[in-house]
Amino acid sequence: MPRKPLIAANWKMYKTPAQAQEYVKLFLPLVANHERDEVVLCPSFTSLSVVIAAVTGSGVGVGAQNMYSAEEGAFTGETSPLMLKAIGATHVILGHSERRQYFAETDESVNRKLKMALKHELTPIVCVGEVLAEREAGKTEEVLLRQTRGVLAGITAAEAAPMVIAYEPVWAIGTGKTATPQIASEAHRVIRGEVEKLLGAETAAALRILYGGSVKPDNATALMAEEEIDGALVGGASLDAQSFGKIVNY
Ligand code: 13P
């Protein structure tokens with residue numbers, strides 16, 4: 001079965017609810033009746049509800065950029081998967097490199113969050129990727145294997161089925177330096193190969209692996225032409241409705 005591409009916007013810490021609502025108004029006509037790809041917007045927590053309301057009936061999904069690995073409790077400042085489900089979120093980004101870099105997330109904490117997201121039927125978009133020093137030291141494969149194993153620890157093939165992985169080389173995020181389609185494909189093959197070892201050929205073949213890192217309207221087509229690339233996780237170029245609309249319509 002062919003893998004349906006997923007194109008997701010990660011707005012990071014941008015946009016007030018009013019700005020988010022305005023964006024959706026401009027964006028929806030650009031993707032009306034768009035069926036080739038699954039399209040998801042990931043605003044910050046404070047804009048989730050307005051975006052969910054604004055996309056109703058459009059087929060566009062809405063995801064959070066993070067969540068905590070408990071259903072409830074004394075965890076000041078955190079958000080539970082139950083809360084995300086209750087407002088109608090469908091997806092959640094987990095283990096983004098900015099969370100790993102600035103908020104001390106590790107493969108272990110991402111693994112706990114992943115289990116919780118799967119349990120509550122939120123589609124997890126789990127991020128992996130090497131930093132520049134690791135690439136330059138020839139350690140990309142080692143890093144991707146370690147992260148893939150770490151985030152998937154203790155998860156069965158049946159449980160993992162809805163999961164999406166995003167390969168986001170940290171040196172390509174927000175830098176304007178995109179991985180070439182070949183570099184991205186090579187990394188995706190490493191990740192898919194490891195998933196095959198851990199969870200079997202069927203799960204690996206069905207797994208969607210997105211590329212993220214300076215995806216723009218002018219490089220989306222070449223990236224998406226790669227058989228190994230099953231979609232994109234877009235930061236900067238997703239903040240403008242026209243620009244993200246062009247990416248979705250690669
Ligand atoms: P940019 O598209 O701004 O490089 O960000 C990529 C990213 O981090 C998406 O999660």
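Order of listing sets the numbers, starting from 1, for every ligand and every atom in it.
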Please could you name the atoms of ligand 1 that [X] approaches to less than 4.0 Å, counting only its heavy atoms?
X: Gly174; result: 1 (P), 3 (O), 4 (O)
X: Ser214; result: 1 (P), 2 (O), 4 (O)
X: His96; result: 7 (C), 8 (O), 9 (C), 10 (O)
X: Gly213; result: 4 (O), 6 (C)
X: Lys12; result: 5 (O), 6 (C), 7 (C), 8 (O)
X: Asn10; result: 9 (C), 10 (O)

query = Any ion pair linking Glu186 and Arg189 (charged N to carboxylate O, less than 4.0 Å)?
reply =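 Judged by the 4.0 Å cut-off on N to carboxylate O distance, Arg189 and Glu186 do not form a salt bridge.
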Are the side chain of Ser185 and the backbone of Pro181 linked by a donor-acceptor contact shorter than 3.5 Å?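 A pair under 3.5 Å: yes.
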Nearest protein heavy atom with distance in Å, relative to [atom]:
atom: atom 2 (O) of ligand 1; answer: Gly235 N, 2.9 Å
atom: atom 3 (O) of ligand 1; answer: Gly236 N, 2.8 Å
atom: atom 7 (C) of ligand 1; answer: Glu168 OE2, 3.3 Å

- Under 3.5 Å side-chain donor-acceptor pair for Trp171 and Glu130: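 The answer is yes; a qualifying pair exists.
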Any donor-acceptor N or O pair under 3.5 Å, side chains Glu168, His96: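 A donor-acceptor contact under 3.5 Å links the two side chains.
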To the nearest 0.5 Å, what is the distance between OG (Ser69) and NZ (Lys115)?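 Interatomic distance, Ser69 OG to Lys115 NZ, rounded to 0.5 Å: 10.0 Å.
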| message | Taking atom NZ as the centre, does Lys246 end up with more than 12 heavy-atom neighbours from other residues, nucleotides or ligands that are less than 6.0 angstrom away? | response |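 At most 12 heavy atoms, drawn from other residues, nucleotides or ligands, come within 6.0 Å of this atom.
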Original post:
With under 30° as parallel and over 60° as perpendicular, where do the rings of Tyr167 and Tyr211 fit, or are they tilted in between?
Top reply: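 If you compare the ring of Tyr167 with that of Tyr211, the planes turn out tilted.
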Over 60° means perpendicular and under 30° means parallel, so classify the ring planes of Phe75 and Tyr68, tilted if in between.
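Tilted: the ring planes of Tyr68 and Phe75 meet at 30° to 60°.
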Original post:
Can a non-hydrogen atom of Ala172 be found less than 4.0 Å from any atom of ligand 1?
Top reply: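 Yes; Ala172 lies near enough to ligand 1 that a heavy-atom distance drops under 4.0 Å.
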*What part of Leu233 sits under 4.0 Å from ligand 1 if we count only heavy atoms: the side chain, the backbone, both or neither?*
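Both the backbone and the side chain of Leu233 come within reach of ligand 1.
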